[in-house]
Amino acid sequence: MRLFNAWEMGQDQTKQQIEKGLHLYQSNQTEKALRVWMRVLEKSADPAGRFRVLGCLITAHAEMGRYKDMLKFAVVQIDTARELEDPDYLTESYLNLARSNEKLCEFQKTISYCKTCLNMQGTTVSLQLNGQVSLSMGNAFLGLSIFQKALECFEKALRYAHNNDDKMLECRVCCSLGNFYAQIKDYEKALFFPCKAAELVNDYGKGWSLKYRAMSQYHMAVAYRKLGRLADAMDCCEESMKIALQHGDRPLQALCLLCFADIHRSRKDVQTAFPRYDSSMSIMTEIGNRLGLIQVLLGMTKCWMMRKELDKALESIEKAQELAEGLGNKLGLLKLHCLCERIYRTKGQQQELRDHVVKFHECVEEMELYCGMCGESIGEKNNQLQALPCSHFFHLKCLQTNGTRGCPNCRRLSVKPGYV
């Protein structure tokens, strides 16, 4: 009986210390919170308590951009989940492992761990996590430029969010859909979805972390810039950056710096853009965001081209190409081939020009970035797009003209309802 009472007391102390850490963390005393949680991890013999504190450590390190530490704690959490012999714990730990790899741009591993999660069915908690699993898998497919599968995963995640009335998940999915449509250049949808996320924050987010507001504002800034609404883009990005600085959110700081640089480049103010690209690159390198580094190098390449310093532009392209090939980011490679085409055309180097034209079209074919109805490319310029139930997408005007008699690629019928 005494042993049982001592065990219960240990559980209570673990819970109290975890709550103490959460209070410190929410008060922006992150390092103190980490020290409290690490002491719990070292001293607690309660596996459930250890599992929970590992979850806190994983979340905190994710928000600070310490992705390698995040991965380390995720691996320990899986061992703890196996010790508990509970499928809910195991599903959650594999989701955290998938997220860790997603942050480190290990997209194939992310997809593999997400599939492991989805195979662990049977419990209510596991089913509730499926929306988050689908979101992480969608982000990974987007990182690999596999757009149809990415959209399919995002829509699954959105359905899970609606079915479970999970507004936080819905907010995160809307931000990812904003990113998706920004990449394939439907800028109206790229703005619509983060605006929807911002509405969710305003309507339901009183007790939420400010990161949700910051995230929606950042994605709105990206869309506004692409639409040429640079003042609105700057306002949203400044608000996002303010929150990121308050909370020590290094990943978001890097993205905001990149957005600031892109805004200045859009204003043809290369001199102001370059230092912001450099600062963003420094943080991206520190945290290991290789996908972000590709975007920074693309922006810098365009700045060098504006200055007509083509050899320096080619140096940036070479670095970006190595990263894009390593990640399997096909859209990044397509953009780089497009920039090379322009450079070699200016230089009058015909053989190099032809090589990159061929590679550019190979990328378009591989990503299916063309409308199956009119044959014109998708993602070359701003166009309204519409997805069919199979998640293949087409020019909206083509679907309106030709009707919805099925997908030319897979012959499924009817236009997808809802958000898309």
Side-chain angles (χ1 to χ4, degrees), residues 1-26 30 33-64 66-104 106 109-137 140 156-157 160-161 163-164 166 168-169 172 209:
M1 190 70 174
R2 284 178 187 170
L3 283 172
F4 182 75
N5 288 341
W7 177 71
E8 275 196 330
M9 284 176 63
Q11 278 191 315
D12 290 341
Q13 287 174 355
T14 297
K15 287 178 183 175
Q16 288 170 7
Q17 289 300 302
I18 291 171
E19 293 302 322
K20 180 183 175 182
L22 284 169
H23 178 73
L24 289 166
Y25 187 68
Q26 287 160 2
T30 304
L34 292 178
R35 285 196 292 272
V36 169
W37 288 330
M38 285 303 296
R39 281 199 299 272
V40 173
L41 194 60
E42 289 164 8
K43 294 181 179 180
S44 177
D46 169 31
R50 285 171 58 82
F51 185 91
R52 189 178 173 206
V53 81
L54 282 162
C56 294
L57 287 163
I58 289 164
T59 300
H61 283 87
E63 291 186 359
M64 290 186 290
R66 299 178 186 173
Y67 298 143
K68 288 182 180 178
D69 289 328
M70 180 191 180
L71 177 61
K72 179 182 72 176
F73 289 119
V75 171
V76 176
Q77 194 184 48
I78 281 189
D79 293 336
T80 308
R82 289 193 177 117
E83 188 181 340
L84 286 160
E85 297 181 341
D86 185 311
D88 287 342
Y89 285 120
L90 202 55
T91 301
E92 186 177 339
S93 62
Y94 268 104
L95 172 58
N96 283 328
L97 190 58
R99 283 176 175 161
S100 303
N101 280 282
E102 178 198 328
K103 300 295 185 186
L104 288 164
E106 295 288 351
K109 288 182 181 178
T110 302
I111 293 163
S112 176
Y113 289 128
C114 284
K115 287 179 178 177
T116 301
C117 289
L118 293 173
N119 288 332
M120 292 180 185
Q121 301 292 9
T123 63
T124 305
V125 175
S126 294
L127 289 170
Q128 287 174 347
L129 289 175
N130 280 355
Q132 297 180 46
V133 175
S134 295
L135 174 59
S136 188
M137 191 184 291
K156 281 181 183 175
Y160 281 119
N163 292 340
N164 293 304
D166 188 339
M168 283 188 184
L169 176 59
R172 290 169 56 205
S209 165

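For this chain, numbers begin at 1 and follow the sequence in order.
- Atom SG of residue C56 and atom NE2 of residue H61 lie 12.0 Å apart, to the nearest 0.5 angstrom.
- Of all non-hydrogen atoms in S44 and R50, the two that sit nearest each other are O-CD, 3.4 Å.
- Among all heavy-atom pairs drawn from S93 and L90, the shortest one is OG-O, 2.7 Å.
- Scanning all heavy atoms of the two residues, the minimum distance from P47 to T80 falls at O-CG2, 3.4 Å.
- In this structure, W37 contributes its side chain and I18 its backbone to a donor-acceptor pair below 3.5 Å.
- Between S134 and Y160, the shortest heavy-atom contact is OG-CE1, 3.8 Å.
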Exercise. Check the pair R52, E92 against salt bridge (charged side-chain N to carboxylate O under 4.0 Å, His left out), reporting the backbone distance first and the verdict last.
Key: CA-CA 11 Å; R52 189 178 173 206; E92 186 177 339; over 6 Å; no

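- Residue E63 holds its CD atom at 5.5 Å from OG of S209, rounded to the nearest 0.5 Å.
- Applying the side chain to side chain contact (heavy atoms under 4.5 Å, CB included) rule to T30 yields the partners Y25, L34, M64; only residues at least two apart in sequence or on another chain are considered.
- Atoms CG and CE, from L118 and M137 in turn, are 5.0 Å apart once rounded to the nearest 0.5 Å.
- With sequence neighbours excluded, no residue forms a salt bridge (charged side-chain N to carboxylate O under 4.0 Å, His left out) with E83.
- Annotation: the span from T116 atom OG1 to I111 atom CD1 amounts to 12.0 Å, rounded to 0.5 Å.
- Side-chain contact between M38 and R35 is absent, with no heavy atoms from C-beta onward closer than 4.5 Å.
- In this view, R66 and E31 satisfy the salt bridge (charged side-chain N to carboxylate O under 4.0 Å, His left out) rule, not counting sequence neighbours.
- Atom CD of E102 is separated from atom CG of L135 by 7.0 Å, given to the nearest 0.5 angstrom.
- From L129, atom CG reaches atom CG of D88 across 7.5 Å, with rounding to the nearest 0.5 Å.
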Pairs under 3.5 angstrom only: tabulate donor-acceptor contacts from the side chains of residues 67-77 to other protein residues two or more places apart or in another chain.
residue, atom, partner, partner atom, Å
Q77, OE1, N96, ND2, 2.8
Q77, NE2, F51, O, 3.2

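- Every residue meeting the side chain to side chain contact (heavy atoms under 4.5 Å, CB included) condition with A98, not counting sequence neighbours, appears here in chain and number order: T110, Y113, C114, S136.
- Under the side chain to side chain donor-acceptor pair (under 3.5 Å) criterion, Y94 pairs with R82, sequence neighbours left out.
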